[in-house]
Visitor: 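Please find one structure pasted underneath; my questions will follow.
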Amino acid sequence: MTQLTHDLVLEVLEGCAASALAEARELGPVRTVSATELMLRTDDLDAARSLRRVVAASTSLTVPARRPRELMETSVQQRLAELLEDLRRQRPRQVFHGLRLEAAGAGTPEMRRLATALAELADLPIDDADGDLVARVRRGASPGTWQVLLRTTPRPLATRAWREVDYPGAVNATIAATILDLLDVGAEDSLLDMTCGSGTFLVEQLHRAAPARAVGVDLDPAALDAARRHQRAARRRGRIDWVQGDVLTAELEGGFTRLVTNPPWGTLHGEHESNEDLLAALLERAAELAAPGARLGVLTHEITRMQRVLEQRAAGWRRVGEHRFFQKGHHPRLFLLER
């Protein structure tokens, strides 16, 4: 059976699209549909699983149809069967346990018949709660069309296989990968994560290029235990020194060319006013540890306070850019700084 060329719908978080577009371009022609969606044409589903700036990838079929029931036509079902066969042929094999239909009116008789048909084609039970073969049905971009999307993996691509510990406050991995792109971290750099938590930034960087030196600092020993576990699970070459302590006072050798921090924010971790002082202290400490011409990325929800710190207590850092992200009701912003 000849492998199909797939039109993959790539879901991205707002703020990650440009980085995801550059990454996906290596696999085939790709275009931007919206701030949160790209369309990639490729015949390599296996390679698509390597996309690190993408939340999820779904193979798609768009057909002329006025109503969803026309998706039950024999020719459409045959094409869907071909897409499902390609999902089964992925290597390593992707194991699905149930089908979940997501659509407006998913409970209507028309949609239930479609869900039953897709489940039979996939040889899976319907599982409306936890089905991991996610099928979405929606109107197509062109008038008079409907689209069926089948997620290519049981878990979203953003759910990293190495993330074995659900550590509170961990930054989304696709946002972390995008920030590392914006910092332009390379193999020749020395990279410091000043508030590393469970290690997302440093472990993500190992998937791109292991820095000449990588250090993560955190007060919480449980966070560092999780970070070490994540590094082992990632199975990537490269050394990371995990340091327990307060980055503001810990004994660290300076000369870092790239620094990043995702400090505590809001009432979840202290008060807004004290967080402003923390931001200023982090900038001052980063200045002490940075090499000439170093870059610093500060990801924070405390946008107004960060702007005030940069106006009044910048510690020699110059703002070269701001980058907005959007995730589940939160709007963190990356402040990109240079010495």
Side-chain angles (χ1 to χ4, degrees), residues 19 23 52-53 160 162-165 167 169-171 173-264 278-279 281-300 315-318 320-321 323 334-339:
S19 190
E23 180 185 32
R52 308 198 66 77
R53 289 95 179 148
R160 304 298 201 234
W162 53 258
R163 198 187 290 281
E164 297 182 348
V165 180
Y167 188 79
V171 65
T174 67
I175 291 178
T178 300
I179 289 172
L180 293 166
D181 289 340
L182 293 167
L183 283 171
D184 192 23
V185 182
E188 72 286 353
D189 284 306
S190 52
L191 174 62
L192 170 65
D193 187 341
M194 303 179 72
T195 48
C196 69
S198 57
T200 302
F201 281 109
L202 295 176
V203 174
E204 277 298 308
Q205 181 58 38
L206 292 184
H207 287 81
R208 181 180 181 185
R213 179 185 176 208
V215 179
V217 184
D218 204 279
L219 276 170
D220 186 359
L224 295 180
D225 287 343
R228 294 186 184 97
R229 184 171 170 182
H230 290 159
Q231 184 185 3
R232 289 193 297 269
R235 299 180 179 178
R236 307 294 293 191
R237 291 184 178 180
R239 175 179 172 179
I240 300 174
D241 294 322
W242 304 105
V243 178
Q244 183 184 344
D246 186 342
V247 72
L248 300 180
T249 57
E251 292 188 10
L252 297 169
E253 182 181 349
F256 292 98
T257 59
R258 298 290 186 269
L259 304 92
V260 66
T261 180
N262 176 29
L278 173 61
L279 289 167
L282 286 169
L283 291 194
E284 185 174 338
R285 181 58 169 157
E288 296 172 359
L289 296 172
R295 292 184 184 178
L296 167 64
V298 181
L299 181 67
T300 180
W317 291 101
R318 177 174 62 92
V320 294
H323 195 85
L334 175 72
F335 290 81
L336 188 61
L337 314 175
E338 283 187 357
R339 288 291 289 167

Visitor: Would you say R285's side chain and V247's backbone share a donor-acceptor pair under 3.5 angstrom?
Guide: yes
Visitor: Take N262 and T195 through the side chain to side chain donor-acceptor pair (under 3.5 Å) test and state the conclusion after the steps.
Guide: CA-CA 6 Å; N262 176 29; T195 48; over 6 Å; no
Visitor: Looking at side-chain heavy atoms only, is the closest gap between L259 and R295 below 4.5 Å?
Guide: no
Visitor: Would you call L180 and T178 a side-chain contact if the rule is heavy atoms closer than 4.5 Å?
Guide: no
Visitor: Is any side-chain heavy atom of L182 closer than 4.5 Å to one of L334?
Guide: yes
Visitor: Backbone N or O of R236 within a donor-acceptor pair of the H207 side chain at under 3.5 Å?
Guide: no
Visitor: Output, in order, the C-alpha distance, side-chain angles, deciding distance and verdict of side chain to side chain donor-acceptor pair (under 3.5 Å) for W162 and Q231.
Guide: CA-CA 7 Å; W162 53 258; Q231 184 185 3; over 6 Å; no
Visitor: Is E253 atom CD crowded by more than 12 heavy atoms from other residues, nucleotides or ligands, each under 6.0 Å away?
Guide: no
Visitor: Side-chain contact, heavy-atom cut-off 4.5 Å: R53 with D181?
Guide: yes
Visitor: Side chain to side chain contact (heavy atoms under 4.5 Å, CB included), that's the test. Do L299 and I179 meet it? Break it down for me.
Guide: CA-CA 9 Å; L299 181 67; I179 289 172; 3.9 Å; yes
Visitor: Below 4.0 angstrom, N of the basic side chain to O of the carboxylate: do D189 and R213 qualify?
Guide: no
Visitor: Would you check if the side chain of D218 reaches a backbone N or O of G197 as a donor-acceptor pair within less than 3.5 Å?
Guide: yes
Visitor: List in chain and number order the residues that pass side chain to side chain donor-acceptor pair (under 3.5 Å) with E204, two or more places apart in sequence or in another chain; answer none if no residue qualifies.
Guide: R52, R160
Visitor: If we only count heavy atoms from C-beta on, is the L289 to L192 side-chain gap below 4.5 Å?
Guide: yes
Visitor: Using a distance-only test with no angle check, is there a side-chain donor-acceptor pair under 3.5 angstrom linking R163 and T200?
Guide: yes
